[in-house]
*Asks:* 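Sharing a structure, written as structure tokens. Questions coming.
Order of the sequence lines sets the chain letters (A, B, ...), proteins ahead of strands, with each chain counted from 1.
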Amino acid sequence: MDIFQRFEAVLADAIAELVADGTVTAGAGATAVVEPPRDATHGDLATNVALVLAKAAKANPRELATRIAMRLACHELVEAAEVAGPGFINLRLVPAVWQAEIAAIRATGADYGRGETVPGLPVNVEFVSANPTGPMHVGHCRGAVVGDALASLLAFAGNSVVREYYMNDAGAQVDVLARSVHLRYRAALGEDIGAIPEGLYPGDYLVPVGQALAAEFGDRYRAAPESEWLVPFRDRAVAAMMDMIRGDLALLGIRHDLFSSEAALQAAGAPAAAEARLRAEGLIYDGVLPPPKGELPDDWEPLELPLFRSTRFGDDIDRPIRKSNGQWTYFGTDMAYHAEKASRSSALVNIWGADHAGTVKRIEAAVEALTHGAVRLDVRLVQMVRLFRNGEPFKMSKRAGNFVTLADVVREVGRDVVRFMMLTKRSEAMLDFDFAGVVEQSRENPVFYVHYAHARIRSVQRRAAGLALPVPAPLDRLDEAELGVVKLAAQWPRVVRQAAAAREPHRIAFFLADLAAAFHTLWNRGNDDAAFRLVQEDDLPLTAARLALADAVGSVIRTALGVMGVVAAEELR
RNA sequence: GCGUCCGUAGCUCAGCUGGAUAGAGCACGGGACUUCUAAUCCUGAGGCCGCAGGUUCGACUCCUGCCGGACGCGCCA
């Protein structure tokens, strides 16, 4: 339990006393929070409890705050409790609290901030789910990193987590893939196939797939009708693409627990089963869609289709689950897939590209309908990444085939840099990625800045390795500024809880930047005045205390980077 | 036309699910290097939080309507 939670308990006791003497009614303080104050000069902790309670108690907030503050001031760990502003209570804690926190951080190590185990079914995070038709390109990076980091964050917060990849291995696109590899297969058999026709996948990565097929089947399917080879070629091509994708993801250190197949889902009759359930509840009906808004396509004609009543859940129109040719729409199978996922999960999270924003409502509606609201689907949209090199926009043309692959990016700037950079903005805002900027060693580059803080800590630890430091370190030798850094580091458990609840892994990156800045500031005192350097060879007790502090900060940096999937640098050169 | 997201300092962005005087970095002005790696740090200036209403003790945050930008739209995947 971290400091904020501990004082929420202390606060609850104080409120209980007020309830007991009839000042306020029970339960009224449910939304009261203990948080770090906006301004550190206000103290260590702040609470809005009096503002929240004032209404129910029909009391003046400041007056109520004063009464609560008086009780809190009696607490042994509270140095001062002051009322400020409209009725906030600012608490200043005794230094021993923060000294103890250093010891706690060091004792808990990599588990500092880890949430208590949440019982029940796992939280499912589905991410990447790129069509298995080619290698991962740079556009997939962000969703991959955000999804993986979010999964790690949720796991660190105490949830069991399943990382899942949904393979779209049943649609028209994988048929196109099969045709594309058939061409490569013929080429591998020595045929001159000329230019790749429009509409097929032109990438060279299909050459080895064609060769493998030639080795397996000889010329058996060279002139055979498509109906004979489509299925086996598709299966093998998809398997090959998935191997390639797994390899690409491994470059980023990403590994999914489960790969679900759309084809398998259809073969098992899952979409029909989902349809039957929803029909029984009147949520699927046969109807005619209104014409699309705006300019009417010339080929539009009204048709009766099986429609899911997504309008009942806030969607604009009801959505077809099957096409007029009887095949499932993407949504039709996706609905069944989510029903299946929901049955083995406590909550669902999907990481989607922002270009799918238009389909969020219908799928969230479908999950609500199919689980009767028991499992919530949270679709997190990830905006596109704009590539730059030295400030110049990077032109990518899919047609010309010069798109940047994920492997290219990782090879050029490194896995840790890619991972960190992808988390330096809210996922729903666009992100600029400059190949030169992200490897620059300067203050503007947050990756470097955080690594540098950690490397400095390691550096000073190496330097002090030979000193006979007293154990335990006399942490009461630390001054106000030093304890200030501990106060920031002590926010880590809270950052974990809040980032997990908001499903926003980027908050870790911002926390790290703040923590690194605080440490650099402390370090720089030593450059201005040698008496503030961490290592004081003529005062080993003080050195021990300062190194304990540095060790605690380093530990939190490592842990937080670890949740982001980034390895802290031991040194920089 | 409709939907989703975005709009906060000159630029790039945070803002902790409604709280105090809205914060960082860059750039700009002033300062600190025979270093525990100064690859850094200190300091100053810089804001109708897109606009207008509403909800409330209190709004950058929630609601409504506009304005501007990005993305999307149909039996696509």
*Asks:* Between B/C13 atom P and A/R386 atom CZ, what is the distance in whole Å?
*Replies:* 7 Å

*Asks:* In sequence, state the C-alpha distance, the side-chain angles, and the governing distance for A/Y452 and A/H520, and then conclude on ring-ring contact (aromatic ring centres under 6.0 Å, His included).
*Replies:* CA-CA 9 Å; A/Y452 188 37; A/H520 284 308; 5.3 Å; yes

*Asks:* Tell me which nucleotide among B/C2, B/A77, B/C5 gets nearest to the side chain of A/E428.
*Replies:* B/C5

*Asks:* With both distances under 3.5 angstrom, what nucleotide forms a Watson-Crick or G-U wobble pair with B/C33?
*Replies:* none

*Asks:* Starting from C1' on B/C76, measure out to CD1 on A/I317 and report it in whole angstrom.
*Replies:* 14 Å

*Asks:* Considering only the P atoms, how many Å lie between B/A9 and B/C48, rounded to the nearest integer?
*Replies:* 8 Å

*Asks:* Counting only side-chain N and O atoms of A/R319, is one of them less than 4.0 Å from OP1 or OP2 of B/G74?
*Replies:* yes

*Asks:* To the nearest Å, how far apart are A/F433 CZ and B/U12 P?
*Replies:* 19 Å

*Asks:* Only pairs with both distances under 3.5 Å count, Watson-Crick or wobble alike; so what is the partner of B/A59 in this structure?
*Replies:* none

*Asks:* Hey, can you tell me if A/H506 and A/F510 have their rings parallel, tilted or perpendicular (30° and 60° cut-offs)?
*Replies:* perpendicular

*Asks:* How close or far is atom C1' of B/C76 from atom CD of A/E262, stated in whole angstroms?
*Replies:* 13 Å

*Asks:* Do A/E504 and A/R507 sit within salt-bridge range, that is, some charged N less than 4.0 Å from a carboxylate O?
*Replies:* yes

*Asks:* When you check the gap from the basic side-chain N to the acidic O, do A/D315 and A/R319 get nearer than 4.0 Å?
*Replies:* yes

*Asks:* For B/G46, which nucleotide in any strand shown is its Watson-Crick or wobble partner with both distances under 3.5 Å?
*Replies:* none

*Asks:* Below 3.5 Å, does any donor atom in the side chain of A/N90 face an acceptor in the base of B/A20, or the other way round?
*Replies:* yes

*Asks:* Mind checking who B/A27 pairs with, Watson-Crick or G-U wobble, both distances under 3.5 Å?
*Replies:* none

*Asks:* Determine the interatomic distance between C1' on B/A45 and the same-named atom on B/G50; round to the nearest Å.
*Replies:* 25 Å

*Asks:* For the pair A/R386 and A/D432, find out whether any cationic side-chain nitrogen is under 4.0 Å from an anionic carboxylate oxygen.
*Replies:* yes

*Asks:* When you measure from the side-chain N and O atoms of A/N527 to the phosphate of B/A38, is any distance below 4.0 Å, counting only OP1 and OP2?
*Replies:* yes

*Asks:* Between B/U8 and B/C62, how far apart are the P atoms? Round to whole Å, please.
*Replies:* 16 Å

*Asks:* Between B/G15, B/A70, B/A38, which nucleotide gets closest to the side-chain atoms of A/N524?
*Replies:* B/A38

*Asks:* Can you tell which of B/A77, B/C2, B/A14 lies closest to the side chain of A/D316?
*Replies:* B/C2

*Asks:* Salt bridge or not between A/K341 and A/E164? Use side-chain N to carboxylate O under 4.0 Å.
*Replies:* no

*Asks:* Toward the 5' end of RNA chain B, which comes first, A/Q327 or A/L381, by nearest nucleotide?
*Replies:* A/L381

*Asks:* Check the distance between B/U12's P and A/K425's NZ and give it to me in whole angstrom.
*Replies:* 8 Å

*Asks:* From the list B/C71, B/U40, B/A77, which nucleotide is the closest neighbour of the side chain of A/S442?
*Replies:* B/U40

*Asks:* What's the closest nucleotide to the side chain of A/R507 if the choices are B/A20, B/G15, B/U40?
*Replies:* B/G15

*Asks:* Is any side-chain nitrogen or oxygen of A/R443 closer than 4.0 Å to OP1 or OP2 of B/C41?
*Replies:* yes

*Asks:* Name the pairing partner of B/A22, where a pair is Watson-Crick or G-U wobble with both distances under 3.5 Å, or state none.
*Replies:* none

*Asks:* In the strands shown, is B/U64 matched to any nucleotide by a Watson-Crick or G-U wobble pair with both distances under 3.5 Å, and which?
*Replies:* B/A52

*Asks:* Looking only at the side chain of A/H42 (C-beta and beyond, no hydrogens), which of the listed nucleotides B/A20, B/U40, B/A14 gets closest?
*Replies:* B/A20

*Asks:* Just how far, in rounded Å, is P of B/U40 from CG of A/D529?
*Replies:* 22 Å

*Asks:* How is A/H506 classified with respect to the nucleic acid when contacts are heavy atoms under 4.0 Å: base, sugar-phosphate, or nothing?
*Replies:* sugar-phosphate

*Asks:* Hey, is the side chain of A/T359 poking within less than 4.0 Å of OP1 or OP2 on B/A77, counting only N and O atoms?
*Replies:* no

*Asks:* Does the pair A/E275/A/R279 count as a salt bridge with the N-to-O cut at 4.0 Å?
*Replies:* yes

*Asks:* Please name the nucleotide paired to B/G72 by Watson-Crick or G-U wobble geometry with both distances under 3.5 Å, or report none.
*Replies:* B/C2

*Asks:* Does a side-chain N-to-carboxylate-O contact under 4.0 Å join A/R525 and A/E482?
*Replies:* yes

*Asks:* Output the rounded distance in Å from CG (A/D318) to P (B/G74).
*Replies:* 13 Å

*Asks:* OP1 or OP2 of B/U40 less than 4.0 angstrom from a side-chain nitrogen or oxygen of A/H451, does that happen here?
*Replies:* no

*Asks:* What contact category does A/A517 fall into here, base, sugar-phosphate, or nothing, at under 4.0 angstrom with non-hydrogen atoms?
*Replies:* nothing

*Asks:* When rounded to the nearest Å, what value does the distance between C1' atoms of B/A14 and B/A24 take?
*Replies:* 7 Å

*Asks:* Which one, B/G25, B/A14, B/C41, comes nearest to the side chain of A/E444?
*Replies:* B/G25

*Asks:* Using the C1' atom as the reference point in each nucleotide, state the distance between B/U21 and B/G69 in Å, no decimals.
*Replies:* 32 Å

*Asks:* With respect to the phosphate group of B/C5, does any side-chain polar atom (N or O) of A/R380 fall under 4.0 Å of OP1 or OP2?
*Replies:* no

*Asks:* State which of B/A14, B/A70, B/A38 makes the closest approach to the side chain of A/F510.
*Replies:* B/A14

*Asks:* Between A/W352 and B/U4, is there a contact of a side-chain N or O with OP1 or OP2 at under 4.0 Å?
*Replies:* no

*Asks:* If we take the C1' atom in both B/G15 and B/A22, what is their distance in whole Å?
*Replies:* 8 Å

*Asks:* Between A/F308 and A/F313, what is the ring plane arrangement, given parallel below 30°, perpendicular above 60°, and tilted in between?
*Replies:* parallel

*Asks:* Just to confirm, is there a sub-4.0 Å distance from OP1 or OP2 of B/G72 to any side-chain nitrogen or oxygen of A/K361?
*Replies:* no

*Asks:* Which comes earlier along RNA chain B counting from the 5' end, the contact point of A/L307 or that of A/A46, where each point is its nearest nucleotide?
*Replies:* A/A46

*Asks:* Rounding to the closest angstrom, what is the interatomic distance between B/U64 and B/G10 at atom C1'?
*Replies:* 33 Å

*Asks:* In whole angstrom, give me the gap between the P atoms of B/C49 and B/C11.
*Replies:* 15 Å

*Asks:* Nearest-Å distance, OH (A/Y452) to C1' (B/A38)?
*Replies:* 7 Å

*Asks:* Under 4.0 Å from OP1 or OP2 of B/A14: is there any side-chain N or O of A/R426 that close?
*Replies:* yes

*Asks:* Is there a side-chain contact between A/Y449 and the phosphate of B/C41, meaning an N or O under 4.0 Å from OP1 or OP2?
*Replies:* yes

